Amino acid sequence: MPRPRKRLAGSAEPAGPDNKGPAGKRTKTKNPVGASAQVVNSSPQKTSASKTCGKYLSSYWLMKSEAESRLEKGVDVKFSIEDLKAQPKQTACWDGVRNYQARNFLRAMKLEQEAFFYHSNCKEPGIAGLVKIVKEAYPDHTQFEKNNPHYDPSSKEDNPKWSMVDVQFVRMMKRFITLAELKTHHQAHKATGGPLKNMALFSRQRLSIQPLTQGKSGPFLLYYSHTRMTM
DNA sequence: GCCAACGTTGGC
DNA sequence: GCCAACGTTGGC
């Protein structure tokens, strides 16, 4: 059931006894028109590069989330980038990952690293926007909640199996990058040995958290930023 | 440790 | 809604 589910970022929340996050719910925000005001203009690599100046900025990630409503044990697991934007501070915890490889990537994420927010299981799958890590891995509380769809009875409080991070909205993509487009490049690069030939989205089909700029994923971001394709 | 059965992911 | 891909489970 590796499947990102979020709700309010844990940090400063009052965490009541039976804290069912008020959010996470049906925020069927239909992309409010004014939303584009939040779009930042600089491209991600520019911002980070100037900031780190020489420091090595290797890691970008891809995080999948379902953009359309679907019930899992009676709970709607939808969480689109619009839902993230609607959260307080535009921040949410990324709960519900129940796959070891994906979890290990979550644990490798560092503060301020950026991730592409991918919409899965929907009409138009693809990359919708950019988010950043604002809290590094800590125990995913939903693994202990009996009525949570991602409850894991085998996980013990003194040795939690599953982790989550907090992410904050950064900006939308300048244009939505469809799965079809990504696949086209991936296919071409398989033939030519291009940078996206090993992109994990295709080689590790069901992995919900994946690196984009290291390992076998290829220099995804560099590829896009070095072509006429704007993101 | 093998592997068949089963469950989940996620595009189409 | 179908079903391919693939991770997990559990009998042996």
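What you see below is based on every heavy atom in this structure, not just the backbone, and it leaves out hydrogens, waters and symmetry mates. Reminder, nothing fancy here: chain letters follow the sequence lines and each chain counts from 1. All values reported here derive from a predicted model rather than from experimental measurement.
Residue A:K183 is classed as a sugar-phosphate contact, given heavy-atom separations below 4.0 Å to backbone atoms only. Across all strands, A:F202 comes closer than 4.0 Å to no nucleic acid atom at all (heavy-atom distances).
For A:R107, there are no salt bridge (charged side-chain N to carboxylate O under 4.0 Å, His left out) partners at least two apart in sequence or on another chain.
For the residue pair A:D166 / A:T91, no side-chain donor-acceptor distance below 3.5 Å is found, with atom types taken as modelled.
Transitive grouping of hydrophobic side chains (ILVMFWY, heavy atoms separated by less than 4.5 Å) keeps A:V167 and A:V134 in distinct clusters.
The stretch residues 123-134 of chain A participates, sequence neighbours left out, in these salt bridge (Lys or Arg N to Asp or Glu O under 4.0 Å) pairs: A:E112-A:K132.
The span of DNA chain C lying next to chain A, judged by atoms under 4.0 Å from heavy atoms, is bounded 5' to 3' by C:dA5 to C:dT8.
No side-chain heavy atom of A:Y118 sits less than 4.5 Å from a side-chain heavy atom of A:M63.
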